[in-house]
Asks: 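Got a structure for you, questions after.
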Amino acid sequence: MLDLRFIRANPELVAKAIRDKGEKADLGGLLSIDEEVRALLVESEALKRERNVESEKIAVLRKEGADASAEIARMRDVSGRIKEYDEKLAALRVDLTAAALTIPNVPHESVPVGADEDENVAVRSWGEPRSLVADPVPHWEIGETLGILDIKGASRIAGSGFVAFTGTGARLERALIAFMIDLHVNGHGYTEVSPPFVANRAAMEGTGQLPKLEFDMYHCSEDDLFLIPTGEVPLTNLHRDEILQGERLPVKYVAYTPCFRREAGSYGKDTRGLLRVHQFDKVEMVKLVEPETSYDELEALTSNAEAVLEALDLPYRVKVLCTGDLSFSAAKCYDIDIWSAGVKQWLEVSSCSNFEDFQARRAGLRYHPAGGGKARYVHTLNGSGVAMARTVVAILENYQTDRGTIVVPEALRPYMNGLEEIT
RNA sequence: GGAGAGGUGACUGAGUGGUUGAAGGUGCGCGAUUGGAAAUCGCGUGUAGGUGAUGAGCCUACCGAGGGUUCGAAUCCCUCCCUCUCCGCCA
């Protein structure tokens, strides 16, 4: 959520952000409600002032044993009017908040303006798309053949869109998780967190999944809890409504979590095998930083994700998302795609975003600057480091041999009892 | 699920109807003291909103959340949430 005062002061900038992001938001309506609220506030507060002053006088009169019934009668009337004002204000504020929640974050000036993903801009790439064999089979074939992937079995449990890893496949999954977390903890200075995998409404609003994505999430109605669609939710909300000491920044967390997504309405394309599933594992990085450093921290975060892919020797490309493809809450975002030789596609395995203070304002994430001074909102960032299912796809396809086996990337061998090949 | 205790500022901790936005302490900032530091002393330190010029000042709100009683609520009543202890159940 943007600062109302910022919106008030920069309406044309916000209007441009809404246009560039292709969002629908009633900025004019918001501003007029805001004006109405402030006008009523002035009147209501003047009455409250009167009440406070008079109440004190009544207290004095009472103490002196004098009669205060005239004043009390008058204040009874004033209180009634205050109540009317406050009821009007409360109703308006509901509208105001609802309107404010439809205003997206403003893209950073370095973000290219564009309508959709076709106008994202390539930033860099690493490695050449290649594979050990000329024409590797898709992961769902070799996965079934080697007995490490059981899609049919998973559908018996939970329906289509779920997968089960078995035997060495499960071990590979676990190895990837452990490898990535170790890299970020030991190599990049993150603190590991093992958070809840469900979150309440306040948390979902704090990171901006609500109100927009309600129907993309699994929901436990009994307890009004949502299965997390990404580790970003628990990690960013860990310090919700807290004021951190400035010395603690930057806070850098990494966590393994499963991610649950209903993916309602996305059946058909790109859904075979592991490409788009309702539940996948992910290692997520989140940072809470001082505003002045957030764009440097974004570059560092992105390179932390890239380090995973380089260690696994998976060719990738990085692109900066244009305004039209940028998410509602983000000010800037890099996507990282890896090449998978079997399905012959670039697969998105990481999104690294700077939200500036957009999430922090909603989530109440502040800090006391080290040298003293007023509490300020932190800037929040997050990025996958990286998403598992598609990384497994690339490994199963890029590392296929002509013997129908899969070479284990060297970086993973220590996590798989030294296993060199899945046969 | 049952019984009980409790939620106050960055932290700790007083406060049961009327100068309490909130004592005391810690922490933090500034200053004094010191060769320097520690210790000590003095002063200052909440958040949000409104109104001013994104100044000073002034005003309003905030003691888990939301309602209620009252001229007046951190203080009384109701509902909800959370934490802790004990019991039960259970991985």
Asks: Indicate the atoms forming the closest heavy-atom contact of A:Cys259 with A:Thr230, along with that distance.
Replies: SG-CA, 3.7 Å
Asks: With a 4.0 Å cut-off on heavy atoms, is A:Ile58 in touch with a base, just the backbone sugar-phosphate, or nothing at all?
Replies: base
Asks: Roughly how many Å apart are B:A23 and B:U12, using the C1' atom of each and rounding to a whole number?
Replies: 13 Å
Asks: My understanding is that only residues two or more places apart in sequence, or in another chain, count here; which of them pass ring-ring contact (aromatic ring centres under 6.0 Å, His included) with A:Phe328?
Replies: A:Phe358
Asks: Would you sort out whether A:Glu214 and A:Arg201 count as a salt bridge (Lys or Arg N to Asp or Glu O under 4.0 Å), showing the intermediate values?
Replies: CA-CA 10 Å; A:Glu214 174 137 20; A:Arg201 244 164 228 287; 3.2 Å; yes
Asks: Listing request: all ring-ring contact (aromatic ring centres under 6.0 Å, His included) pairs with a residue in residues 34-86 of chain A, at least two apart in sequence or in separate chains.
Replies: none
Asks: Minimum heavy-atom separation for A:Gln400 and A:Ile406, please, with both atom names.
Replies: CG-CG1, 4.4 Å
Asks: What are the atom names and distances for every N/O pair under 3.5 Å that joins the protein to nucleotides 58-64 of chain B?
Replies:
unit_1	atom_1	unit_2	atom_2	d
B:U60	OP1	A:Asn52	ND2	3.2
B:A61	OP2	A:Asn52	ND2	3.3

Asks: Taking only heavy atoms on the protein side, list every residue of residues 74-101 of chain A lying under 4.0 Å from any atom of RNA chain B, sorted numerically.
Replies: A:Met75, A:Arg76, A:Ser79, A:Lys83
Asks: Taking atom C1' in both B:G42 and B:U83, compute the distance separating them and give it to the nearest angstrom.
Replies: 40 Å
Asks: When the P atoms of B:U79 and B:G2 are considered, how many whole Å apart are they?
Replies: 14 Å
Asks: When rounded to the nearest 0.5 angstrom, what distance separates CD1 in A:Ile338 from CD in A:Glu306?
Replies: 13.0 Å
Asks: Looking only at atom C1', what distance separates B:C84 and B:G64, rounded to whole Å?
Replies: 15 Å
Asks: Should we say atom CZ of A:Arg8 is surrounded by more than 12 heavy atoms from elsewhere, each under 6.0 Å from it?
Replies: yes
Asks: Please produce a list of atom pairs where a protein N or O lies less than 3.5 Å from an N or O of nucleotides 81-83 of chain B.
Replies:
none

Asks: Suppose you measure atom C1' in B:U20 against the same atom in B:G46; what distance do you get, rounded to whole Å?
Replies: 14 Å
Asks: What's the verdict on salt bridge (Lys or Arg N to Asp or Glu O under 4.0 Å) for A:Arg276 and A:Glu263, showing C-alpha distance, side-chain angles and the deciding distance?
Replies: CA-CA 8 Å; A:Arg276 187 181 293 279; A:Glu263 302 287 1; 3.3 Å; yes
Asks: Pick from A:Leu396, A:Leu314, A:Val308, A:Asp281: which one makes a side chain to side chain contact (heavy atoms under 4.5 Å, CB included) with A:Thr391?
Replies: A:Leu314
Asks: As a check on the pairing definition, encode RNA chain B in dot-bracket form, counting Watson-Crick and G-U wobble pairs whose two distances are under 3.5 Å, and using | for partners outside this strand.
Replies: ((((((((.[[[..)..(.....]]]((((((.......))))))((((((.....)))))).[[[[[..)....]]]]])))))))....
Asks: Taking side chain to side chain contact (heavy atoms under 4.5 Å, CB included) as the definition, give me every residue that meets it alongside A:Lys88, ordered by chain and number, with sequence neighbours left out.
Replies: A:Leu40
Asks: Using every non-hydrogen atom in the two residues, find where A:Pro234 and A:Ile228 come nearest and quote the distance to one decimal.
Replies: CD-CG2, 3.8 Å
Asks: Quick check against the 3.5 Å criterion: does A:Glu54 have a side-chain atom that pairs as donor or acceptor with the backbone of A:Glu50?
Replies: no
Asks: Between B:U70 and B:C87, how many Å separate the two C1' atoms, rounded to a whole number?
Replies: 41 Å
Asks: For A:Pro291, enumerate each residue passing the side chain to side chain contact (heavy atoms under 4.5 Å, CB included) test, keeping only those at least two apart in sequence or located in another chain.
Replies: A:Tyr367, A:Arg376, A:His379
Asks: Which is more 5' along RNA chain B, the nucleotide nearest A:Asp34 or the one nearest A:Ala59? Just name the residue.
Replies: A:Ala59
Asks: Kindly say whether, by distance alone, the side chain of A:Arg62 makes a donor-acceptor pair under 3.5 Å with the base of B:G18?
Replies: yes
Asks: Give me the distances for all protein-to-nucleotides 89-91 of chain B N/O pairs that come in under 3.5 Å?
Replies:
none

Asks: Which residues satisfy the side-chain hydrogen bond (donor to acceptor under 3.5 Å, both in side chains) test with A:Tyr377, sequence neighbours excluded?
Replies: none
Asks: Between the protein and nucleotides 44-48 of chain B, list the N/O to N/O atom pairs that are separated by less than 3.5 angstrom.
Replies:
unit_1	atom_1	unit_2	atom_2	d
B:U47	O3'	A:Arg366	NH1	2.8
B:U47	O2'	A:Arg366	NH1	3.4
B:A48	OP1	A:Arg366	NH1	3.4

Asks: Taking only the C1' atom of each, what is the distance from B:A39 to B:A22 in whole angstrom?
Replies: 31 Å
Asks: Any side-chain to backbone donor/acceptor pair from A:Lys21 onto A:Ser327? Under 3.5 Å, distance only.
Replies: yes
Asks: Parallel, tilted or perpendicular: which one describes the rings of A:His188 and A:His184, with boundaries at 30° and 60°?
Replies: tilted
Asks: For the P atoms, the ones on B:U33 and on B:G15, what distance do you get once it is rounded to whole angstrom?
Replies: 40 Å
Asks: Taking the six-membered ring for Trp, are A:Phe260 and A:Tyr218 parallel (under 30°), tilted (30 to 60°) or perpendicular (over 60°)?
Replies: perpendicular
Asks: What residues, two or more places apart in sequence or in another chain, satisfy ring-ring contact (aromatic ring centres under 6.0 Å, His included) together with A:His139?
Replies: none
Asks: Answer with base, sugar-phosphate or nothing: what part of the nucleic acid does A:Arg248 contact at a heavy-atom distance below 4.0 Å?
Replies: nothing
